[in-house]
Amino acid sequence: MFQLPFPVRDANATAGSGGLGNLPEWDLSDLYNSEDAPELARDLDWLQQECAAFAADYEGKLAELDADGLLECVQRNEKINNIAGRIMSFAGLRYYQQTTDADRAAFLSDCQEKVTIATTPLVFFTLELNRIEDDAMQAHLEDNAELARYASVFRRIRAMKPYQLSDELEKFMHDLGIVGDAWEKLFDETIAGLTFTVDGEELNIEGTLNLLTEQDRSKREAAARELARVFGENIKTFARVHNTQAKEKEIIDRWRGMPSAQMGRHLSNDVEPEVVEALREAVVAAYPKLSHRYYELKRKWLGLDVMQVWDRNAPLPLEEPRTISWDEAENTVMEAYKAFDSRMGEIASPFFSDGWIDAGVKPGKAPGAFAHPTVTNVHPYVMLNYLGKPRDVMTLAHELGHGVHQVLAAEQGEMLSSTPLTLAETASVFGEMLTFRKMLDKAETKEQRKVLLAGKVEDMINTVVRQIAFYDFECKLHAARAEGELTPDDINAIWMSVQAESLGEAFDYMDGYETFWAYIPHFVHSPFYVYAYAFGDGLVNALYSVYESGAEGFEDKYFEMLKAGGSKHHKELLAPFGLDASDPKFWDKGLSMISGFIDELEAMED
């Protein structure tokens, strides 16, 4: 089943508010001109016919194919993936622009259903691939160099071999996926439809969360309490979604014989469980020298005896509030990208000029930000909810990094371009680091440097500490759900157990904060996704230290790594840089960079 990630020619710009300038909107015509486009109807018809023809030609016969025949089969499957991906990208992106629009939601559901039904006959493909004997598969790869390009795809598919069900059950699971998607849509529509009233102003969730970074503490508190009130009113719905999703996963994992709830994610990420556990252990052990130490510093800067949750992302008292226009944000990020390598600037430029970014905050628009790769013969699309905060500039740098990565990897083709989540965060976090370093170089005063350093440390803590705490929350949630139905209070208690551990003693927790798990989309859309952020941050910090050391040819090696997409394992990709993520000491390199920034902030206190 085809899932969406969580995932202008004339600029089609809309006038932004509050000095943001003209914010770009998507031009989706590179996919299809409209939901009624004849090309879309043609592709849906082609998909149905080609999937049926593919099954007729190959089902029950994969083991009999020679190397050339298997290559032709794989390439036909790749074309099917491309057309199905194009249809679902268009339907999904339109939906994310306005999730509360009934017509868009219905169009997405219709497309999902048609694509799922059309592709059900293809379920045999991976099942039969896994039945080909290892020696026979190796011989095919040696016989045909073009087929050998797909070796990494076959390796990842065949990693699922021990957990494979019967052909009939696999088809049943494929069809049943539509039902699971309905719970995701319920979550999306509920979140997008929430309204919050702060100081008499009605806001959506993005606008309300944005107030948590306001200089005015009373406004931050009002926003936090309003978030808690609205989440509390809807907590039964969110608990029902999480209970159902976790139970569905537990049933599927049990039938497949998965050793843990996390194993499916590790397999799809092409990463060994022990590598993830080494990352988790390194981060948890570092809580005292990272988040606990930093937030104690921040507590003093804010002049508080104890911080509340609405102070976590507060600006520093010496920070001058200002709105960063879209043009300034674009110039800041593009300057940083071009300074690293002109090729990066060239790849990033069309995102701004050709309608590949949808930036504005609008009623019903999905919250958060993402870069969706669509398909390899089109281009990625970036979604933001831009409000002119410094963090919004870093989000632009982050998502644009994803976009650059996706453009470079597209040359691998549909089956090889997709990067495991652990490596998918590499270019995005690297783009953030480039932008931060450029801004730090421009700092004219000690105060400006302090504000920038503090902001970067907070972003890194949010990326590493917060995401590992999220991962622990999910691990505990799924383990508890396997024992029985969870009440909202049960889930609240799990949330608070990981929050207190990760944030430290500088914080107190208002009544209602226990419900803040409710709005995190990754828990619903992509269980256990979140450790990929910490993986990516640690990997990039280690990479950046190699870059800073002046390693010869770094830029070329970096572009080759991004171009590889999902065609290589993380060991192969990092080897040219002298790095190895399976070495437990690897994670200490990344964490020491964060600790070093905190050291510098502490030194400024003297």
Whether Arg94 and Asp101 form a salt bridge (side-chain N of Lys/Arg under 4.0 Å from carboxylate O of Asp/Glu) is what I want to check. no
Search all heavy atoms of Val333 against all heavy atoms of Val393 and return the closest pair with its distance. CG2-O, 3.9 Å
Could you tell me whether Glu600 and Lys450 make a salt bridge, using a distance below 4.0 angstrom between a side-chain N and a carboxylate O? no
Could you walk me through whether Arg322 and Glu320 satisfy the side chain to side chain contact (heavy atoms under 4.5 Å, CB included) test, starting with their C-alpha distance in whole Å, then the side-chain angles of each, then the deciding distance to 0.1 Å, before giving a yes or no? CA-CA 6 Å; Arg322 72 184 188 95; Glu320 296 180 10; 6.0 Å; no
Does the side chain of Thr208 reach to within under 4.5 Å of the side chain of Ile205, using non-hydrogen atoms? no
CG on Leu400 to CE on Met344, rounded to 0.5 Å: 9.0 Å
Is a donor from one side chain sitting under 3.5 angstrom from an acceptor on the other, for Ser89 and His372? yes
For residues Tyr95 and Asp188, determine if any side-chain heavy atom of one lies less than 4.5 Å from a side-chain heavy atom of the other. yes
Side-chain contact, heavy-atom cut-off 4.5 Å: Asp358 with Lys365? yes
Considering only NZ, NE, NH1 and NH2 on the basic side and carboxylate oxygens on the acidic side, decide whether Lys362 and Glu206 come within less than 4.0 Å. no
Closest non-hydrogen atoms of Trp301 and Ala454, given as atom of the first, atom of the second and distance, are CZ3-CB, 4.1 Å
Output for pair (Tyr386 OH, Leu396 CG), nearest 0.5 Å, gives 7.5 Å
Glu346 bridged to Lys338 by N-O distance under 4.0 Å: no
Testing Tyr533, Phe473, Phe370 for ring pair (Phe, Tyr, Trp, His ring centres under 6.0 Å) with His522, which one passes? Tyr533
Distance col, row Leu297:CG vs Glu602:CD, nearest 0.5 angstrom, shows 5.0 Å
Nearest 0.5 Å please: distance from the CD1 atom of Ile461 over to the NE2 atom of His292. 9.5 Å
May I ask you to say whether Glu552 pairs ionically with Lys557, meaning some side-chain N is under 4.0 Å from a carboxylate O? no
Regarding Tyr531 and Asn269, do their side chains bring together a donor and an acceptor under 3.5 Å, going by distance alone? yes
Is the shortest side-chain N to carboxylate O distance from Arg299 to Asp311 below 4.0 Å? no
Evaluate the side-chain proximity of Tyr96 to Arg104: yes if any heavy-atom separation is below 4.5 Å, no if none is. no
Glu425 and His402: side-chain donor and acceptor closer than 3.5 Å? yes
Check this for me: does any side-chain nitrogen of one of Glu444 and Arg449 sit under 4.0 Å from a carboxylate oxygen of the other? no
Less than 4.5 Å apart, side chain to side chain, heavy atoms only: is that true for Leu108 and Met88? yes
If you compare all heavy atoms of Ala469 against all heavy atoms of Tyr287, which two are closest, and at what distance to 0.1 Å? N-OH, 3.8 Å
Counting only N and O atoms by type, is there a donor-acceptor contact under 3.5 Å from the side chain of Ser549 to the main-chain atoms of Val546? yes
Side chains of His570 and Asp580: donor-acceptor distance under 3.5 Å anywhere? no
Check ion pair Arg343-Asp341 (N to O, under 4.0 angstrom): yes
Quiz question: by atom type and distance under 3.5 Å, do the side chains of Ser29 and Asp27 form a donor-acceptor pair? yes
I'd like to check the side-chain hydrogen bond (donor to acceptor under 3.5 Å, both in side chains) partners of Lys442; sequence neighbours left out, ordered by chain and number. Glu335
Are a donor atom and an acceptor atom from the side chains of Asp327 and Asn331 found within less than 3.5 Å of each other? no
Give the intermediate values and the outcome of ring pair (Phe, Tyr, Trp, His ring centres under 6.0 Å) for residues Phe577 and Tyr558. CA-CA 9 Å; Phe577 303 96; Tyr558 180 73; 7.4 Å; no
Please give me the minimum heavy-atom distance between Leu28 and Tyr381, naming the atom from each residue. CA-OH, 3.5 Å
Between Lys568 and Glu560, is the closest basic N to carboxylate O distance under 4.0 Å? no
Within a strict 4.5 Å, meaning less than it, do heavy atoms of the Lys563 and Glu411 side chains meet? yes
May I ask you to check whether Glu474 and Trp517 show a side-chain donor-acceptor distance below 3.5 Å? no
Do Leu20 and Ser325 make a side-chain contact, defined as non-hydrogen atoms from C-beta onward lying under 4.5 Å apart? no
side-chain hydrogen bond (donor to acceptor under 3.5 Å, both in side chains) partners of Glu555, counting only residues at least two apart: none
Can you give me the closest heavy-atom contact between Phe554 and Leu543, atom names plus distance? CE1-O, 3.5 Å
Criterion side chain to side chain contact (heavy atoms under 4.5 Å, CB included) on Val498 and Phe470, from CA distance to verdict: CA-CA 8 Å; Val498 299; Phe470 281 179; over 6 Å; no
What verdict does the side chain to side chain contact (heavy atoms under 4.5 Å, CB included) test give for Leu423 and Leu539, after you've listed the backbone C-alpha separation in whole Å, the side-chain angles of each residue and the deciding distance to 0.1 Å? CA-CA 8 Å; Leu423 297 169; Leu539 189 155; 3.7 Å; yes
Does the side chain of Arg312 pick up a donor-acceptor pair with the side chain of Asn462 at under 3.5 Å? yes
Can we call the ring centroids of Phe523 and Tyr471 under 6.0 Å apart? no
List the atom of Ala369, the atom of Thr395, and the distance in Å for their closest heavy-atom pair. CB-CG2, 3.7 Å
Salt bridge or not for Arg225 and Glu221, using N-O below 4.0 Å? yes
Whether the side chain of Trp26 engages the backbone of Val382 through a donor-acceptor N/O pair (distance < 3.5 Å, no angle test) should be reported. yes
Assess, by modelled atom type and distance only, whether the side chains of Tyr509 and Gln308 contain a donor and an acceptor separated by less than 3.5 Å. no
Evaluate the criterion salt bridge (charged side-chain N to carboxylate O under 4.0 Å, His left out) for residue pair Glu214 and Lys389; output intermediate values, then yes/no. CA-CA 9 Å; Glu214 284 288 322; Lys389 299 278 187 179; 3.2 Å; yes
Between His379 and Asp30, does any side-chain donor sit less than 3.5 Å from a side-chain acceptor? yes
For Arg466 and Asp459, what are the C-alpha separation, side-chain angles and deciding distance, and is it a salt bridge (charged side-chain N to carboxylate O under 4.0 Å, His left out)? CA-CA 10 Å; Arg466 185 167 164 81; Asp459 286 343; over 6 Å; no
Backbone N/O of Ala371 and side chain of Glu399: donor-acceptor pair under 3.5 Å: yes
Is a donor from one side chain sitting under 3.5 angstrom from an acceptor on the other, for Thr376 and Glu414? yes
Going from CG on Leu290 to OG on Ser502, what distance comes out if it is rounded to the nearest 0.5 angstrom? 11.5 Å
Less than 4.5 Å apart, side chain to side chain, heavy atoms only: is that true for Met561 and Thr426? yes
Between Phe340 and Tyr547, ring centroids under 6.0 Å: yes
The reported gap from CD in Gln412 to OG in Ser417 (rounded to nearest 0.5 angstrom) is 8.0 Å
Looking only at the side chains, is there a donor atom on one of Thr213 and Arg220 sitting less than 3.5 Å from an acceptor on the other? no
